[in-house]
Every structure is written in structure tokens, then in C-alpha cells.
Amino acid sequence: MTLEYTIDVQQVEHLQTIGDTDALEQMFERARRTVIGGGVVLLVRVSPSGEVSRFDELGNESDLEAYRTRVFKYLH
């Protein structure tokens, strides 16, 4: 069984909008621990009807850090 951590990108976008960098840092720390532990991070979008669409998978620290950099680009 593969260890997975799911990030809802709409939640990320909401946290960016309100400038909640602490919540984003916590999310990325959990994601980092998952990747270090051999798991994968799934990026998903949830439709208004509740359907979850998986659109990306991050399986290593460098991919996760690249995504984190894009998320924090305009927040610091």
C-alpha cells in the first residue's frame, strides 16, 4: 500500500487569497514527510458536485519543492 497525502488545490488557492502562510507551511510539511517516507502527494480538484479529479502526483522532494515555490511566489 502506497502512502498518499492529498492536497486540494482549491484549498491552496483559498489560503493564498487570505494570505494564510502558516496553514500552507503545515500542509507542505505534511506533504514533505509523506514524500520522505516513500509516499506520493496527490494534487486534486473537487467539483461542485463533490467529484474528485486527480491531476498531478508529486513523488520526490524536488517536485514538491518546485510546487511549493510556485504556491509561495507572491506571498513572501
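As the structure is a computational prediction, the values presented were derived from the model and not from experiment.
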Minimum heavy-atom distance [X]-[Y], with the two atoms named:
{"X": "A31", "Y": "I7", "value": "CB-CD1, 4.2 Å"}
{"X": "E57", "Y": "L42", "value": "OE1-CD2, 3.8 Å"}
{"X": "L75", "Y": "G19", "value": "CD2-CA, 4.4 Å"}
{"X": "L58", "Y": "V35", "value": "O-CG2, 4.0 Å"}

As an exercise, state the distance from [atom1] of [X] to [atom2] of [Y], rounded to the nearest 0.5 Å.
{"X": "R68", "Y": "E61", "atom1": "CZ", "atom2": "CD", "answer": "12.5 Å"}
{"X": "E65", "Y": "N60", "atom1": "CD", "atom2": "CG", "answer": "11.5 Å"}
{"X": "Q26", "Y": "T21", "atom1": "CD", "atom2": "OG1", "answer": "10.0 Å"}
{"X": "T69", "Y": "L64", "atom1": "OG1", "atom2": "CG", "answer": "9.5 Å"}

State plainly whether the residues R45 and E51 are in salt-bridge range, i.e. N to O under 4.0 Å. no
Residues M27, Q11; criterion side chain to side chain contact (heavy atoms under 4.5 Å, CB included); working and verdict: CA-CA 10 Å; M27 183 183 298; Q11 182 182 14; 3.8 Å; yes
Decide yes or no for V40 and T34: does some side-chain heavy atom of the first lie under 4.5 Å from some side-chain heavy atom of the second?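 When only atoms from C-beta onward are counted, T34 and V40 do not touch, as no gap falls below 4.5 Å.
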Is R33 close to R30 at the side-chain level, that is, under 4.5 Å between some pair of heavy atoms? yes
Determine, step by step, whether D56 and V9 satisfy the side chain to side chain contact (heavy atoms under 4.5 Å, CB included) criterion, reporting the C-alpha distance in whole Å, the side-chain angles of both residues, the deciding distance to 0.1 Å, and the verdict. CA-CA 10 Å; D56 204 356; V9 297; over 6 Å; no
Shared hydrophobic cluster for L24 and Y5 (ILVMFWY, side-chain gaps under 4.5 Å):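 Yes; Y5 is reachable from L24 via cluster members.
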Any link between L43 and V46 through a network of hydrophobic side chains (Ile, Leu, Val, Met, Phe, Trp, Tyr) touching at under 4.5 Å?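 The answer is no; the residues belong to distinct hydrophobic clusters.
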Run the side chain to side chain contact (heavy atoms under 4.5 Å, CB included) test on V41 and Y67 for me, step by step, so that the C-alpha distance in whole Å, both residues' side-chain angles and the decisive distance to 0.1 Å come before the verdict. CA-CA 11 Å; V41 175; Y67 178 59; over 6 Å; no
Any donor-acceptor pair under 3.5 Å linking the side chain of Q16 with the backbone of V71? yes
